[in-house]
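Chain A is the first sequence line, chain B the second, and so forth, proteins listed ahead of strands; every chain is numbered from 1. Worth knowing before you read on, the calculation uses all heavy atoms, side chains too, and leaves out hydrogens, waters and symmetry mates.
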Amino acid sequence: MEETDSLFDAPPMGDQERMVEAILFAMADPVTLAELTARLPHGSDPAEALVHLARRYEGRGVNLVKVGDAYVMRTAADLGHLMRRETVETRKLSRAAIETLAIVAYHQPVTRAEIEEIRGVAVSRGTVDQLLELDWIRLGRRRMTPGRPVTFVVTEAFLDHFGLESARDLPGLKELRAAGLLDNRPAPGLAVPDDDEALTGQSELFED
Amino acid sequence: MEETDSLFDAPPMGDQERMVEAILFAMADPVTLAELTARLPHGSDPAEALVHLARRYEGRGVNLVKVGDAYVMRTAADLGHLMRRETVETRKLSRAAIETLAIVAYHQPVTRAEIEEIRGVAVSRGTVDQLLELDWIRLGRRRMTPGRPVTFVVTEAFLDHFGLESARDLPGLKELRAAGLLDNRPAPGLAVPDDDEALTGQSELFED
Amino acid sequence: MADDPGWDQPERVPTEDRLAAEALIVDVVGFEGPLDLLLMLSRTQKVDLRRISVLHLAEQYLVFVEQAQSLRIELAADYLVMAAWLAFLKSRLLLPPEPGEAGPSAEDLAAHLAFQLERLAAMRDAAARLMARDQLGRDFFARGLPEDVTHQRVVHYTATLLDLMRAYAMIRTKDEFRPFVLDREHVYTMEQALDRMRGLIGYAGDWATLTSFLPEGWNETPMARRSALAAHFAAVLELAKRGQVTLRQGETFAPIELRRRGE
């Protein structure tokens, strides 16, 4: 590094190679020679560094590849199969699903009827199926009440995903409130709509 | 182990190393040994491959880093200036958030009341929320004391962000513990039944 | 207490101390509570926090609070609580313990305060050291181009604990607000109106407007009035159908009038 400090001396080639390596690793796009020159200390020779780097990665799991006039690190072609499982598309759970999941987590073991009572809306078959398929909920013991309804409980995979040691570690209402999660009042038009609608309906019928 | 390996015809160690290299290069987030094992051909020994790989990248522009139980490739810290333009502008954390984070890291698992006791002020809702959202802290096990308060611990993302292999590597941890500054020392005249549990909790994380 | 100049006679405080205290007060919003302020004051003693004089610190704090009050600066309650406690601690430290006195000794209390200050200072220091570390995305970097080699798509659903907690909080908040929904109070059902009108038509020997039959208290808000009017209107229609009342209306939108039938 001392050499960099002096006016014209570029860092030793070994250091230049490290620098090019780090830049190619961190960049989201292929990097041109001009860009490398701009990033490296004055007097560096990225073209030569690239030659060394290409040789170093020859036959490795990752190779230095030239794309047009830019350079990029790519997985070796023969190892692509290792990554196949990685191309996953991440989607947020629907509101119905997350609410249902929350209710199962907080009230388990809980029956479908109980979930519907707490949510105030019917729980679609698809929602429950999705959570079962994600392996976040599973069937618990049947409730010993008329009809012997099945109950739902959360799974190990659920705890794992949400970084919980046990469902008991979920914060309670008081703690949710303390964390500020309980005082976001339902947006206008969310909890009130039944009310509003009833009135609108009536006035339409009777006031004109 | 070797005998089992030959039974299943695991690839030679050189190939296993290439595979681990390719996988780690492809992933931006730390990969656990279990994930590596699952991806590699049956009978492979990713742990050994990692040893070779770590040696290969020693002193390079990119290094193999251990984060908790997982492994990831990161650029060498002394080359950060080359990527300055890529720096992600992170939200400035408030002093309260930084202190709260440090207290969680050094005292984990720690309850909100304990954080407040140490800081001498109430912890605002937003502070904990922000740290949760950054995925730097998460909920730990509940404390087995009256009220069963939730505790907070730091996450793997926290370790990754600050380049720590484990919470044991926090700067100055040993000295602080030796000085008794991580003790949960009750105010004189207060009966504190949760002292034992607090210590047990800590020893689980730090002492082994 | 009268023999203590630092507390009872702030005007005798040396000028520079006084100026320092005023500078502190100006900045009082910058402190995060009494412990923060105490830690700051303790730094002026220029000794190891383990060897700090809690007595001196208590005096400094009390001077600060006194100054703030003389400058009519409103201090938050916790500053005043701390002041009261420190005044108590100070008197305990100065006076010999009374024989048979219960509770922790003044020395223990002082030692604990010193411990709290040292611990807070240590955590601040630790926080600073933590933030001074090389950080991901600032000093070292992740792979900029994580590869997706195949076009095989697996949909992976995700949700965070925060999402879960928010969803639950939302459901529970909805529940909590249910009792506040006022719709029940403003809805007068037709059944209610019918019951009421059955009892009232006996008095409707002569033409009377429908609105005069509205129950008390249902004429005050438009919401209640609309509901009650609608219910009663439906009820009298029902009564007319049964032949119990006669209805009439002078013209469109004119008041509806009704009269008992069957004479």
Side-chain angles (χ1 to χ4, degrees), chain B residues 22 24-29 62-63 65 72-81 83 86-88 90 93 95-96 98-103 105-107 117-122 129 132-133 135 138-139 157 160-164 170-173 176 179-183 185-189, chain C residues 30-39 49-50 76 78 82 85 102-113 115-149 160-166:
Chain B
L24 292 183
F25 256 76
M27 316 267 166
D29 292 318
V62 176
N63 305 137
V65 179
V72 69
M73 306 291 295
R74 295 285 184 242
T75 62
D78 65 312
L79 301 177
H81 61 282
M83 267 74 70
E86 274 59 50
T87 302
V88 193
T90 43
L93 282 184
R95 190 172 116 181
I98 292 170
E99 281 181 23
T100 301
L101 178 65
I103 291 168
Y106 283 82
H107 290 262
E117 154 81 13
I118 292 170
R119 295 198 65 231
V121 274
D129 223 17
L132 283 169
E133 210 150 333
D135 192 24
R138 64 173 179 86
L139 297 173
D160 189 19
H161 186 92
F162 290 98
L164 293 162
L170 283 164
L173 183 73
L176 286 171
L181 290 170
L182 301 183
D183 297 352
R185 200 183 290 180
Chain C
F31 289 105
E32 288 200 70
L35 206 58
D36 189 23
L37 171 58
L38 278 168
L39 184 58
L49 273 173
R50 297 198 161 197
D78 49 344
M82 178 61 91
W85 187 80
S105 73
E107 280 70 29
D108 287 346
L109 293 173
H112 186 70
L113 179 61
F115 167 74
Q116 283 180 295
L117 292 174
E118 197 192 348
R119 184 174 57 181
L120 179 60
M123 279 299 108
R124 295 226 162 126
D125 183 49
R129 279 206 267 174
L130 187 64
M131 297 316 281
R133 285 186 70 84
D134 291 331
Q135 292 183 37
L136 177 64
R138 191 187 74 181
D139 304 295
F140 59 94
F141 292 82
R143 183 80 204 269
L145 190 62
E147 289 181 46
D148 47 308
V149 222
T160 67
L161 186 59
L162 216 54
D163 294 335
L164 193 73
M165 282 154 49
R166 279 191 182 129

B/R74: which residues meet the side-chain hydrogen bond (donor to acceptor under 3.5 Å, both in side chains) condition with it, sequence neighbours left out? B/D160

Max heavy-atom pair count under 4.5 Å with chain C, selected residue of B/L176, B/T100, B/L164, B/L101: B/L164

How long is the straight-line distance from CZ of C/F141 back to CE of B/M73, given to the nearest 0.5 Å? 16.0 Å

Nearest heavy-atom pair of B/A102 and C/L130: which atoms, and what distance? CA-CD2, 4.4 Å

Of the listed residues (B/A179, B/A122, B/A76), which shares the most heavy-atom pairs with chain C below a 4.5 Å separation? B/A179

For the residue pair B/H161 and C/R133, establish whether any side-chain heavy-atom pair is separated by less than 4.5 Å. no

Pairwise distance CG(C/D139) to CG(B/L79) - rounded to 0.5 angstrom: 11.0 Å

How long is the straight-line distance from CZ of B/R95 back to CD of C/E32, given to the nearest 0.5 Å? 5.0 Å

On a heavy-atom basis, which atom in B/I118 and which in C/L120 lie closest, and how many Å separate them? O-CD1, 3.6 Å

Taking every non-hydrogen pair under 4.5 Å, which of C/A111, C/G33, C/P104 racks up the most with chain B? C/P104

Using side-chain heavy atoms (C-beta onward) and a distance below 4.5 Å, is C/F115 in contact with B/L181? yes

Where is the tightest heavy-atom contact between C/H112 and B/R185, given as atom of each residue plus distance? CE1-O, 3.4 Å

Kindly indicate whether the side chain of B/L182, heavy atoms from C-beta on, has any atom under 4.5 Å from the side chain of C/M123. yes

Looking at every heavy atom in both C/M131 and B/L93, which two are closest together, and how far apart are they? CE-CD1, 4.4 Å

Would you give the length of the straight line joining atom CZ of B/F162 to atom CG of C/D134, rounded to the nearest 0.5 angstrom? 11.0 Å

Whether the side chain of C/R143 engages the backbone of B/F25 through a donor-acceptor N/O pair (distance < 3.5 Å, no angle test) should be reported. yes

Quick one: does B/V121's side chain get under 4.5 Å of C/D36's, heavy atoms only? no

